[in-house]
Amino acid sequence: MVKAEGVHKSYGAVQVLKGIDLEVAPREVFCLIGPSGSGKSTFLRCINHLEQVNSGKLYVDGQLVGYRQSGNKLYELKDSEVARNRRDIGMVFQRFNLFPHMTALANVMEAPMQVKGETKAVARERALKLLDRVGLGDKAGNYPSQLSGGQQQRVAIARALAMEPKLMLFDEPTSALDPELVGDVLDVMRGLAEDGMTMIVVTHEMGFAREVGDSVVFMDQGVVVESGNPRDVLTNPQHERTKSFLSKVL
Ligand code: ADP
Ligand code: MG
């Protein structure tokens with residue numbers, strides 16, 4: 001579903017990604033861990049067309065991100081084509097970024113209606129099902145300010161799912177939450193994983209990575225230091241940098 005080959009990304013003179021190689025299979029739950037500033041968010045932003053890589057190749061669902069191949073030639077995608085590809089990728093951020101003037105239901109209905117031209121009735125029916133699935137069937141009429149952080153994050157997940165993505169990206173989805181609200185959000189993500197969603201999850205929740213993750217990648221300073229089965233990487237790390245990081249977060 002995702003393949004990175006030697007992906008480099010710089011901001012001016014600052015090299016953030018220094019040759020990332022990795023692969024995410026369909027239906028895989030792929031956890032990305034690493035210290036602050038190691039380039040995790042930047043990598044997700046590249047996958048989601050929010051940043052262009054400087055060199056290397058990044059594929060999503062077999063397609064080179066940002067380009068179309070025709071024979072031996074590569075053409076940069078037009079904005080409309082980028083928008084089309086982005087529809088298939090759902091993203092959930094640390095900050096939930098719900099529309100504050102819309103109810104939970106309207107937040108979830110918005111993109112399918114605006115972007116896909118879906119009818120109100122169809123969007124509403126799916127939104128209600130999704131709110132139910134994230135445990136908020138009774139909160140459809142609430143505005144974000146009338147929801148806890150954990151509930152807002154679950155609405156944000158429902159909103160991303162409303163576009164029926166084939167890949168979900170989570171960037172520290174529970175980092176901004178009070179500890180007692182984290183579990184409900186992780187439970188929703190666990191359910192998604194059980195339903196076979198392909199997910200890349202940047203997280204400091206090592207319990208989630210161990211129990212739900214199919215693979216874990218430890219990134220530091222723009223490179224993949226160590227990757228593999230969560231039990232191996234988390235309980236028996238081979239590299240000093242991984243050991244040092246885990247000793248701080250576990
Ligand atoms: P992480 O998510 O692992 O904490 P980030 O991908 O957010 O790391 O950032 C990696 C590095 O890239 C940091 O040093 C950060 O300051 C830098 N960076 C991120 N975005 C930008 C930007 N838009 N312009 C300049 N530097 C950036
Ligand atoms: Mg980040």
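Numbers here simply count residues along the sequence, with the first being 1. Whatever order the structure lists them in is the order used to number ligands and atoms, beginning at 1.
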Atom 21 (C) of ligand 1 - nearest protein heavy atom and its distance: Y11 CE1, 3.2 Å

Modelled atom types, side-chain donor and acceptor of S10 and Q15, under 3.5 Å: no

P35 touching ligand 1 at heavy-atom level, < 4.0 angstrom: yes

V16 N/O under 3.5 Å from ligand 1 N/O: no

Ring-face cation contact, Y59 with K57, 6.0 Å cut, 45° max: no

Candidate pair D187 and R190, rule salt bridge (Lys or Arg N to Asp or Glu O under 4.0 Å), full reasoning: CA-CA 5 Å; D187 284 345; R190 195 185 305 262; 3.8 Å; yes

Any donor-acceptor N or O pair under 3.5 Å, side chains S215, E28: yes

side-chain hydrogen bond (donor to acceptor under 3.5 Å, both in side chains) between S38 and D220, worked out: CA-CA 5 Å; S38 55; D220 191 17; 5.4 Å; no

Geometric cation-pi criterion, R159 with F99: 6.0 Å, 45°: yes

Atom 8 (O) of ligand 1 touched by protein heavy atom at under 4.0 Å: yes

Sub-4.0 Å heavy-atom approach of G34 to ligand 1: no

Residues, nucleotides or ligands: over 12 heavy atoms within 6.0 Å of D79 CG: no

Heteroatom N/O/S of S41 within less than 2.8 Å of the Mg ion (ligand 2): yes

T42 neighbourhood, listing ligand 1 atoms whose heavy-atom distance to it stays under 4.0 Å: 5 (P), 6 (O), 9 (O)

Numbered atoms and elements of ligand 1 in range of S38, under 4.0 angstrom, heavy atoms: 1 (P), 3 (O), 8 (O)

Contact bool for atom 25 (C) of ligand 1 (protein heavy atom, d < 4.0 Å): yes

Atom 14 (O) of ligand 1: nearest protein contact (heavy atom, Å): G37 O, 4.2 Å

Check: Y75 ring centre within less than 6.0 Å of Y67 ring centre: no

Nearest neighbour in protein (non-hydrogen) for atom 3 (O) of ligand 1: K40 NZ, 2.8 Å

